[in-house]
K.L.:
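Mind having a look at this structure? Questions to follow.
Letters A, B, ... are given to chains in the order of the sequence lines, protein chains preceding strands, and every chain is numbered from 1.
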There are 2 protein chains.
Amino acid sequence: MDFSIGELSRRTGVKVPTIRYYEQIGLLPSPPRTEGQQRRYGKDAVSRLAFIRHARELGFELDAIRALLSLQDNPDQSCAAADTIAKDRLVEVERRIAALTALRTELRRMIDECACGRVAECRVIETLADTSHSHGRLAEG
Amino acid sequence: MDFSIGELSRRTGVKVPTIRYYEQIGLLPSPPRTEGQQRRYGKDAVSRLAFIRHARELGFELDAIRALLSLQDNPDQSCAAADTIAKDRLVEVERRIAALTALRTELRRMIDECACGRVAECRVIETLADTSHSHGRLAEG
DNA sequence: CTACTTCCTATAGTGACTATAGGTTCAAGA
DNA sequence: TCTTGAACCTATAGTCACTATAGGAAGTAG
Ligand SMILES: [Zn+2]
Ligand SMILES: [Zn+2]
Ligand SMILES: [Zn+2]
Ligand SMILES: [Zn+2]
C-alpha cells in the first residue's frame, strides 16, 4: 500500500531527484519515512504528482501550480482564480505561437535563399547580420 | 570614433551587464580600455553585437551563435555548417509550434468548459488532474 | 550473510542572463 | 580647478526548474 520514491517515479514519470526537489520547495508534502529515513508514499502522492506533471507539461510555472494545488485542496472556494491562471497561460501560449510563427517564416526564407556556396554569399549569415528589424525577447515555454 | 559600453548598449539594444557577460564567455572580444580600465568600442563591436542580438531573437543558443560568428570571420569557407545550424533551429521551431498548438487546444477547451463555479466542479482543475494522456517535455524557446 | 540495487543528504552545475554591493572614473558645469 | 553625479568597474549571488555528482546508508533477494 505504500511504496518508495523510485516506485512513485515509475508511476508518474517524474524523475526521483525532481520529486525530492518538489518536496524541498514545498510543492509536495514531506511523506512519512521508514526507520532508515527512506520516504514512503501512498496513492495521494501519485495523484498530486501527476497533477503537477500535467500542469508542467502545459507550461504552468511552479508558482502557478502551487496556487492551483492549494485551490484543489479547497473544493468549496470559487474557481475564478484557477480560471485566471489558465487564461493567463493561454494568452502567453498564443503570444509564443505568434512569435515562433514569425521566426519560422524568417528561418525558412533565409534557408531557402541560400545557394549553399561560400560564407561570403550565405543568406543565413547575411540575414542574421541584418538589423533592420526586431523580434523582441524570446522567452520560456 | 570610439565609445563606452553604455553607448554600445544604446546602439544595439543589448543591456550593459549582458555585454560584459558576452565578453566574459568569449563571445565578444575584449575591447581596448582607457587608462582607468573602462571599455572602449568601435563600429565592429556594434555589428558583431547586433548579429548576436538578432540570432538570439531567432532563438539560437549561444554555442550556435559562437559557431556562426566564427564562420562569419572566415568568409571563404563553405556555408554548409551555417545552413545546418539554421535548419536545426527551424526543425526545433516547428516542433515547438506543434507542441504549443496542442497546448492551446487543451487550454482553450478547459477554459471554455468551466462554468465558473466552485473548485469542485472546475474543468480547469479537473483537466489538470486527468492523466490519461501526455505531452512530453516542454523546453526552451 | 552477502551482494546489489536503491535510497539518503548536501552541494554544485546548467543556460542566459539579472541584480546587488562597494568602489572608481569620467565629463560637464560653476 | 574643483565638484558633483552619472556611468563605469569587479566580484559575487540569485533566477528557474531542474540535473549531476560524491560519498555514504538502507533495503532486499538469494
Ligand atoms: Zn548558406
Ligand atoms: Zn529577424
Ligand atoms: Zn473553473
Ligand atoms: Zn493535457
Side-chain angles (χ1 to χ4, degrees), chain A residues 2-28 30-41 45 49 51-69 89 92 96 135-141, chain B residues 2-28 30-41 45 49 51-69 89 92 96 135-141:
Chain A
D2 60 345
F3 38 84
S4 71
I5 195 168
E7 181 60 24
L8 179 60
S9 171
R10 248 163 272 130
R11 292 194 195 190
T12 56
V14 178
K15 287 178 191 157
V16 168
T18 305
I19 297 172
R20 285 197 279 249
Y21 168 71
Y22 287 162
E23 180 184 334
Q24 194 192 313
I25 63 167
L27 209 57
L28 283 175
S30 304
R33 305 271 187 137
T34 63
E35 268 185 39
Q37 301 310 313
Q38 299 201 359
R39 293 166 178 84
R40 286 298 174 263
Y41 296 93
L49 187 50
F51 183 102
I52 295 171
R53 190 195 167 188
H54 194 193
R56 280 299 295 141
E57 284 174 352
L58 287 167
F60 290 96
E61 295 183 1
L62 292 184
D63 271 355
I65 296 174
R66 203 188 299 274
L68 290 167
L69 282 169
R89 179 63 191 146
E92 183 56 30
R96 284 193 56 62
H135 304 268
R137 291 252 160 247
L138 186 65
E140 44 102 29
Chain B
D2 61 348
F3 38 83
S4 72
I5 195 168
E7 181 60 25
L8 178 61
S9 171
R10 249 164 272 128
R11 293 193 195 192
T12 57
V14 178
K15 287 177 191 155
V16 168
T18 305
I19 297 172
R20 286 198 277 250
Y21 169 69
Y22 287 164
E23 180 184 333
Q24 194 192 313
I25 62 166
L27 208 57
L28 283 176
S30 302
R33 305 270 187 137
T34 63
E35 269 185 38
Q37 301 310 313
Q38 299 200 359
R39 293 167 178 83
R40 286 297 174 264
Y41 297 93
L49 188 50
F51 183 101
I52 295 171
R53 190 195 167 188
H54 194 193
R56 280 300 294 142
E57 285 174 351
L58 287 167
F60 290 95
E61 295 182 1
L62 292 184
D63 272 355
I65 296 174
R66 204 188 298 274
L68 290 167
L69 282 168
R89 178 63 191 145
E92 183 56 30
R96 283 193 57 62
H135 304 268
R137 291 251 160 248
L138 186 64
E140 44 102 30

K.L.:
Nearest-Å distance, CZ (R20(A)) to P (dT11(C))?
P.N.:
15 Å
K.L.:
Can E7(B) and R11(B) be counted as an ion pair, charged N to O under 4.0 angstrom?
P.N.:
yes
K.L.:
How many Å lie between CD on Q37(A) and C1' on dA10(C), as a whole number?
P.N.:
16 Å
K.L.:
Does a side-chain N or O from T18(A) land closer than 4.0 Å to OP1 or OP2 of dT19(D), or not?
P.N.:
yes
K.L.:
Under 4.0 angstrom, heavy atoms only, what part of the nucleic acid is I5(A) near: base, sugar-phosphate, or nothing?
P.N.:
sugar-phosphate
K.L.:
In whole Å, I'd like the distance from the CD1 atom of I25(B) to the P atom of dT14(C).
P.N.:
12 Å
K.L.:
Assuming nearest nucleotide by heavy-atom distance, tell me which of G36(A) and K15(A) is located more 5' along DNA chain D.
P.N.:
K15(A)
K.L.:
On DNA chain D, check which nucleotide each of E35(A) and R137(B) is closest to and give me the residue with the more 5' one.
P.N.:
R137(B)
K.L.:
Could you work out which one of dC8(C), dC17(C), dC9(D) sits closest to the side chain of Y21(B)?
P.N.:
dC17(C)
K.L.:
How close or far is atom C1' of dG27(D) from atom CZ of F3(A), stated in whole angstroms?
P.N.:
17 Å
K.L.:
Let me know the distance between CD of Q24(B) and C1' of dA16(C), rounded to the nearest Å.
P.N.:
12 Å
K.L.:
Using whole Å, what does the distance between atom C1' of nucleotide dC8(D) and atom OH of Y41(B) come to?
P.N.:
11 Å
K.L.:
Is any side-chain N or O of R56(A) closer than 4.0 Å to OP1 or OP2 of dC18(D)?
P.N.:
yes
K.L.:
Does a side-chain N or O from R33(A) land closer than 4.0 Å to OP1 or OP2 of dT9(C), or not?
P.N.:
yes
K.L.:
Which heavy atom of E57(B) sits nearest to which heavy atom of G136(A), and what is that distance?
P.N.:
CG-O, 3.7 Å
K.L.:
With nearest nucleotides of DNA chain C determined for Q38(B) and L62(B) from heavy-atom distances, which residue corresponds to the more 5′ nucleotide?
P.N.:
L62(B)
K.L.:
OP1, OP2 of dC8(D) versus side-chain N and O of S4(B): anything below 4.0 Å?
P.N.:
yes
K.L.:
Give a yes/no answer on whether the side chain of Y22(A) brings an N or O atom under 4.0 Å of OP1 or OP2 in dC18(D).
P.N.:
yes
K.L.:
If I take atom CD1 in residue I19(B) and atom C1' in nucleotide dA7(D), what distance separates them, rounded to the nearest angstrom?
P.N.:
13 Å
K.L.:
When you measure from the centre of the six-membered ring of F3(B), is the NZ or CZ of R10(B) under 6.0 Å away and within 45° of the axis?
P.N.:
no
K.L.:
To check you understand the geometry: which heavy-atom pair defines the closest contact between K15(A) and S9(A), and what is its length?
P.N.:
CA-OG, 3.9 Å
K.L.:
Around R33(B), counting heavy atoms of other residues, nucleotides and ligands shown, do more than 12 lie under 6.0 Å from its CZ?
P.N.:
yes
K.L.:
So does R39(A) get a side-chain nitrogen or oxygen closer than 4.0 Å to the phosphate oxygens (OP1/OP2) of dC7(C)?
P.N.:
no
K.L.:
Can you tell me which nucleotide in dA26(D), dC17(C), dC8(C) comes closest to the side chain of T34(A)?
P.N.:
dA26(D)
K.L.:
Please report, rounded to the nearest Å, how far the P atom of dA6(D) is from the CZ atom of R10(B).
P.N.:
14 Å
